[in-house]
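Heads up: the structure comes next, in structure tokens.
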Amino acid sequence: MEFKKIEQKWQTSWEKEKLFEVNEDSKKKKFYLLEMFPYPSGEGLHMGHALNFVIGDVLARKKIMDGFNVLHPMGYDALGLPAENAAIKAGTHPQDYTNKAIKHYIEQQKALGITYDWTRVVNTADPKYYKWDQWIFLKMFEKNLVYQKESSVNWCPKCNTVLANEQVQNGKCWRHEDTNVEIKKLKQWFLKITDYADELYEGIDKLEDWPSKTRAMQKNWIGKSHGTEIEFEIPAFGEIKDKEFVFLHAFGDNSKSAFWVWLKKEIEQRGCKVAFAPNLPNADNPSLEEQEKHVLNNYDFKENSVLVTHSLGGTLAMKIIPKLKTKINGLLMVAPPLKCEYKDNKKRPILEKYCDWKFDFKKIKNNVKKIIVIEDEKDHIVPFGHPKEIAKELDAKYVLGIGNQTHYNSDKEQVVLNELVEVWPIFTTRPDTLFGVTFMVVSAQHTKLMDLVTDEQKSDVEKFLKKLNSVSEKELDQMEKEGVFTGSYATNPVNGEKVPVWAGNFVVADYGAGMVMAVPAHDQRDYEFAKKYDIEIKQVIAPYHVETNGEDAVRKDKKVIKRDSVFALVKHHKEDKYFCLDWKKFKWKSFVIGGVDDGETPEEAVRREVIEETGYSDIKSIKPIAFETHAEFYAKHKEINRYGKYKAFLVELASDKHEKPSDEHTKNHEGIWVEKNKVSGFINLENNRLVWNDYIKGGAAYTENGKLINSSEFDGINNREAIDKITLHLKKQKIGKKVINFKLRDWGISRQRYWGTPIPIIHCEKCGAVPVSEKDLPIALPKDVEFGEGNPLETNEKWTKTKCPKCGGSGKRETDTMDTFVNSSWYFLRYADPNNDKEIFDKKKAKYWCPIDQYVGGAEHACMHLIYSRFYTKFLADLGLINFREPAKKLFHQGMLQGEGGVKMSKSKGNVVLPEVVSEKYGIDTSRLFLLSLAAPDKPRDWSEKGIQGSLRIIQKIFDYFQDTKFGKDNEKTLSKLNKTIKEVTLDIEDFAYNLAVIKIRQLFEYIEGETISKDTAEKFLKILSPFCPHIAEELWEKIGNKPFISNAKWPKANEKLIDEKLEKIEGVLDTLRGDILKIKELAKLDSVSKVKIFVAPAWKWDALAIVKKACDGKPDFGAAMKALMSKDEMKKQGKAVQPFLKAVMSRFGELSDLEKFDEVKAIEEVKVALEKEFGSIEIIKAENSKEAKANNAFPGKPALLVE
RNA sequence: GCAGGGGUUCCCGAGCGGUCAAAGGGGCAGGACUUAAGAUCCUGUGGCUUAGUGCCUUCGAGAGUUCGAAUCUCUCCCCCUGCACCA
């Protein structure tokens, strides 16, 4: 068989006749099928890629034959780092490298015989394509979906560029498994994908025909969670209450000027009186000497003094501080001038003579613990840069903000307040636990971490950070929760409690505020952390059990009496046993349990109860354990409902010193020592068991529901309800609100590399970042650049130097290029109109073809490409360019093709299977058939050299069969089999069950092989074969005398009426008969057979069969038959006995299904004819009834034989 | 840990309440054809048993629902894939 000749013949022919080129046709229904376009690597296509394309192709061919107008295009994701790196390595230009790779890909793909419309190729490296990347970018810019921001980025030192979050895997670069990603700070371009976060998330549910796995992954990635944002304040200079605040006002101001009034109020609100806020003498014509004297004479600086200054007040402070004998706590300078220079360039002689404008920064630094300098970006007095310079000299924290009024002159300046008391909006899903916050944890990676660290803690924190940096990412993953105290305290806004702020390695820096409120009593992570560092654990939710069953069940008509109570886990002094009570009056089995009397502490109550109830009095220790539990039940003896609040204690005995408990106690219950491992089975009180479980676990956070305790006005509320109630409370107080938080971050698209779409921005000194005007697109990549260190685009000055589109002044082009995922985010739309120079695509064309009806591609894109594409689709829909909001209706992930023995294919292992090599040996149709028959298309499969032989065999057989076949007339069985196969294969292809379809086609052929068939049957067979083996099918189609092409012939429709199961049954009978005759012949050592007598039982005359047949209504249905024969009760009694009988009946269902039609005589005649061909004379003896049949040893479907 | 998907006879893989000792392929065994090998074709491929048949055991382990379970439910074990301390 000359595969190659046949393949080439048809591939050329298809192309010549433009068989797969399509145009919009309103009369035809469209079907848009797309396989994810490949990245054209220099290594070319391997069999795994081919699998992906072939999976799509089978469906495409089927849909073409179904009469759809099938858009099945192909393109190349040609921009990207690998091309650049490979090009550098090979010493070529990425453009040349890519062009060559694409050429090779096209050759390889054409050889696969796929139905691509080659006139629609999209190449992302073509400026005609990426022009529209830039166009979309500009549109996003217009809509405020693009911004630039300095940010910490993931930097791969090997790629020499930034990576998106999605491209970082376990701290490694997605392309370099061995390379740790570094964190760098760079100014980056971002797309505001988060604006679409909610729609992207909610839309997932509507993507019903996407794999559930992909949908789950996307949901997880976008990560929507509902919660509450709560404002925690962290005073910059430590606890405000302990401080003495001193204010020094500005030139011309006084102590009643706006600035001081609001600040004073804020400080007083936080429980602190401002110690000293003088009217400085001669504020309008100040003298340093005079003012200095005034301050020093009227206020004694102390260790806890915090000096807050505004403008010239800062100058005064910087003169005073070096003269102080004590080191003061803090200095906050708002907009301080450094020199006597002014924004308006006017001279100010009054101020020039104020002082010498020289400062002893070193002494200032020494005399103040913490310094903060705030600058106003729009300051109209102090020139920009002065405060920054001061901050630099003083090693101070520098803050750049914008005042409500310039120079921070308004009557409330949030920027200033935020520095004094930093507000951290903490995200939590558990506001119900707010009263249980005992510490805060800020991410060790947080940019503001060092601002929170006090001098005392600085070295500890630095040590901790150093340690984190020294562990590899892998170890970091498995690292235990660790942390270090920052020295700062946050204020719990709901009760004003001070809680320590820790830095921890387990908090994610860019989720929420990067700081969490920790509630160790009710969160396992926080619990472990608190245990490790011995931080207070405060329970705020008590497990609550209300008895609803039995005689202890709470009675509505009785009143509820609350009581503080205790349990005691009394441990045996020597053995591992615990003292339990078996109650006589109740069904209770409990620990020692009792109420706390008036004036008694819980410990005292425990001691009393233990001695009374157990008789053991030599108590070594009483320790509180576990948590408070609440239980409500009916106390029969007191006729009240008891609401008990139980505290639990572990009581250890020192000896077995023991006195018999009084009768009063022994009549109530019996005391038993229970072994530790049996306690859990013994105890039957719910809360006793809870406490016990916690005790044997060694303690854990209680994360279940319950009632609030220790939560002031919210005590007693169910915690689920408290979530809303506390949130509402916070909202009223303006310290919290309901929020929805997403894990999804904005998409950083800047890449500092050459081979990507240039970002259409020009930087101008005057105008900042200015978008290129639309008419100047595309901004094409200059070919002339040098590759080496840094961004190659920087090396072409001709290209970078340009004019500002706004002011016409000199400008510099942005040299960052776009992430390649930008290119692939909308390419599927371009196929609708790939050569349009005027628009991104014609709206009408896009409307006709899009969205994608079936998308096929690897599961590895579940979170990157597929989310970005959805984002772009939504954006373009918002621009009005398209009328749908999701890119693809159906999505299918093909399975991986692995090498021989299940090993991953790789160049280094040398097990890469190349399609051209395999085709050479077996032909591409054989490879297609084999790939598809290995496993369901979505499952991984292993390549096997032996396995493909099987496919080759069948192809060869099919080919040979049609070489010299004479067609005749079909018999009924052929028609039945043919139609059944058509029906099933049609469904299998639609369901992507290609492996099953292949089996059925094979089975049909194996049957056909031994039969005479009609030309029509041959044609139908070739048609259903053609999606899998298009070349062979095309060749044989021609061979049997048809005009090309089978590829666009009409897909056959199954004629259900011709499907006849009974024929298969006759075949089965025939087979067994033949086998039996042969066996008898062998056993009897007969040389030849002269006569065979067959005794046949009239199976189909049994009454039961008629009933069954009726019940089943054409389809074999065991259950229905069962129900028809007997009632449910009978079934229960006799079902088992009837089953064998029914089974036998069902096994002949083919006969039943056409009871009326079935021609008994004819069937027997058929058997006779068939057997006579082989064995000569056959006599068939029919029994009149089953009795007679039995007498002759014949049973329904199992004839008896007599062979002579 | 969370989410998704799995564990089927020698291997790969279908089946997903009754016609199931379970498709198909590969492997293996036997036979036919050949001097032989290969290719091809046929037969067999859990165990015991019959002339036909029937019985027992088996679809990760255990329990359950049902007249009936590879298939449904629960628990457990193991594997893969993805996310990973998301507050």
Side-chain angles (χ1 to χ4, degrees), chain A residues 169-170 211-217 219-221 223-225 227 426-430 433 441 443 476-481 504-508 510-519 523-526 528-529 741-743 859-860 862-863 896 902 930 933-936 938-942 944 946-947 949-951 953-954 956-957 993 995-996 998-1000 1002-1003 1009 1061 1065 1072 1075-1076 1079-1080 1083 1095 1112 1115-1123 1126 1128-1140 1142-1150 1152 1193-1195 1197-1201:
Chain A
Q169 285 156 7
N170 294 323
S212 58
K213 183 182 161 187
T214 305
R215 292 159 63 195
M217 276 167 75
K219 276 207 164 181
N220 190 25
W221 188 263
K224 183 179 181 177
S225 56
I426 301 300
F427 180 73
T428 178
T429 53
R430 293 293 304 276
T433 62
V441 189
S443 168
L476 205 69
D477 276 351
Q478 290 142 14
M479 223 166 118
E480 224 184 305
K481 286 156 199 48
N505 62 351
F506 64 96
V507 177
V508 179
D510 65 356
Y511 183 76
M515 188 190 282
V516 298
M517 60 179 229
V519 187
D523 180 284
Q524 193 54 32
R525 275 178 323 224
D526 299 345
E528 283 162 28
F529 195 85
N741 224 336
F742 292 95
K743 279 202 266 182
E860 68 273 18
C863 278
M896 274 260 286
F930 175 58
S933 61
L934 267 175
D938 58 337
K939 296 274 169 63
R941 76 227 34 229
D942 304 345
S944 129
K946 263 187 183 159
Q949 309 272 357
S951 296
R953 273 201 287 274
I954 188 85
Q956 187 72 55
K957 278 204 275 181
N995 52 332
L996 302 184
V998 169
I999 287 169
K1000 282 160 194 165
R1002 271 177 101 132
Q1003 283 172 341
E1009 224 184 349
E1061 308 274 350
K1065 291 294 161 187
T1072 35
D1076 289 343
K1079 201 161 185 182
I1080 292 170
L1083 285 169
F1095 298 91
C1112 292
K1115 272 179 204 152
D1117 183 343
F1118 204 105
M1122 199 82 180
K1123 273 177 207 150
M1126 55 182 64
K1128 220 161 184 187
D1129 283 347
E1130 283 173 316
M1131 227 186 266
K1132 267 189 184 154
K1133 277 182 221 144
Q1134 298 177 45
K1136 226 164 202 153
V1138 173
Q1139 271 179 59
L1142 200 52
K1143 224 170 208 174
V1145 173
M1146 297 307 283
S1147 72
R1148 286 184 288 284
F1149 199 86
L1152 314 184
N1193 267 333
F1195 295 88
K1198 305 278 191 277
L1201 295 176

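Per chain, numbering begins at 1; letters A, B, ... match sequence-line order.
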In whole angstrom, give the distance that lies between atom [atom1] of [X] and atom [atom2] of [N].
X: D938(A); N: G4(B); atom1: CG; atom2: P; value: 17 Å
X: D526(A); N: A87(B); atom1: CG; atom2: C1'; value: 8 Å
X: D523(A); N: G1(B); atom1: CG; atom2: P; value: 17 Å
X: Q524(A); N: C2(B); atom1: CD; atom2: P; value: 13 Å
X: N220(A); N: G4(B); atom1: CG; atom2: P; value: 10 Å
X: R215(A); N: C2(B); atom1: CZ; atom2: C1'; value: 18 Å
X: L996(A); N: G13(B); atom1: CG; atom2: P; value: 13 Å
X: K481(A); N: A84(B); atom1: NZ; atom2: P; value: 16 Å

Nearest-Å distance once atom [atom1] is located in both [N] and [M]:
N: C78(B); M: A61(B); atom1: C1'; answer: 10 Å
N: A36(B); M: C48(B); atom1: C1'; answer: 39 Å
N: G47(B); M: U57(B); atom1: P; answer: 16 Å
N: U9(B); M: G26(B); atom1: C1'; answer: 14 Å
N: C72(B); M: G15(B); atom1: C1'; answer: 15 Å
N: U34(B); M: G27(B); atom1: C1'; answer: 24 Å
N: G5(B); M: C74(B); atom1: P; answer: 14 Å
N: A51(B); M: A37(B); atom1: C1'; answer: 40 Å

Residue whose nearest RNA chain B nucleotide is more 5′ - V516(A) or K213(A) =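 Its nearest nucleotide lies further toward 5', so the answer is K213(A).
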Pairwise 5' ranking along RNA chain B for V507(A) and P940(A), keeping only the more 5' one =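 Looking at the nearest nucleotide for each, P940(A) comes out on the 5' side.
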Quick one: which of [options] gets closest to the side chain of [X]?
X: A935(A); options: G13(B), C86(B), A87(B); value: G13(B)
X: W221(A); options: A87(B), C83(B), A3(B); value: C83(B)
X: V508(A); options: A14(B), A3(B), C85(B); value: C85(B)
X: K957(A); options: A14(B), C41(B), C86(B); value: C41(B)

ask   = Are any of S225(A)'s side-chain N or O atoms less than 4.0 Å away from OP1 or OP2 of A87(B)?
value = yes
query = Counting just side-chain N and O atoms, does K939(A) come under 4.0 Å of either OP1 or OP2 of C12(B)?
reply = no
Strictly by Watson-Crick or wobble contacts shorter than 3.5 Å, is anything paired with [N], and which nucleotide is it?
N: C72(B); value: G64(B)
N: A21(B); value: none
N: A51(B); value: none
N: U34(B); value: none
N: G82(B); value: C2(B)

note = Each nucleotide of nucleotides 24-33 of chain B classed B (base within 4.0 Å of a protein heavy atom), S (only sugar-phosphate) or -, in 5' to 3' order, makes SSS-------
key: Spacing of NZ belonging to K481(A) relative to CD belonging to Q524(A), to within rounding of 0.5 Å   =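 If I round to the nearest 0.5 Å, the distance is 8.5 Å.
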query = NZ/K219(A) to OG1/T214(A) distance, rounded to the nearest 0.5 angstrom?
reply =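 Spacing of NZ (K219(A)) from OG1 (T214(A)) equals 13.5 Å.
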Minimum heavy-atom separation for [X] and [Y], please, with both atom names.
X: M217(A); Y: A862(A); result: CE-CB, 3.6 Å
X: K743(A); Y: W221(A); result: CB-O, 3.5 Å
X: F742(A); Y: Y511(A); result: O-CE1, 3.7 Å
X: P940(A); Y: A935(A); result: O-CB, 4.2 Å

task = Examine distances only and state if a side-chain atom of S443(A) and a backbone atom of V507(A) form a donor-acceptor pair shorter than 3.5 Å.
result = yes
request  = Check whether any side-chain N or O of R941(A) sits under 3.5 Å from a backbone N or O of A936(A) as a donor-acceptor pair, and report yes or no.
outcome  = yes
message = Quick one, D526(A) and M517(A) - any side-chain contact, counting heavy atoms below 4.5 Å?
response =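 No. Closest side-chain heavy atoms not under 4.5 Å.
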request  = Decide yes or no on side-chain contact (heavy atoms from CB on, under 4.5 Å) for K939(A) and L934(A), but give the supporting numbers first.
outcome  = CA-CA 9 Å; K939(A) 296 274 169 63; L934(A) 267 175; over 6 Å; no
request  = Establish whether the base of C86(B) is bridged to the side chain of K743(A) by a donor-acceptor pair shorter than 3.5 Å.
outcome  = no
request  = Have a look at A993(A) and say if it touches a base, only the backbone sugar-phosphate, or nothing, with a 4.0 Å heavy-atom cut-off.
outcome  = nothing
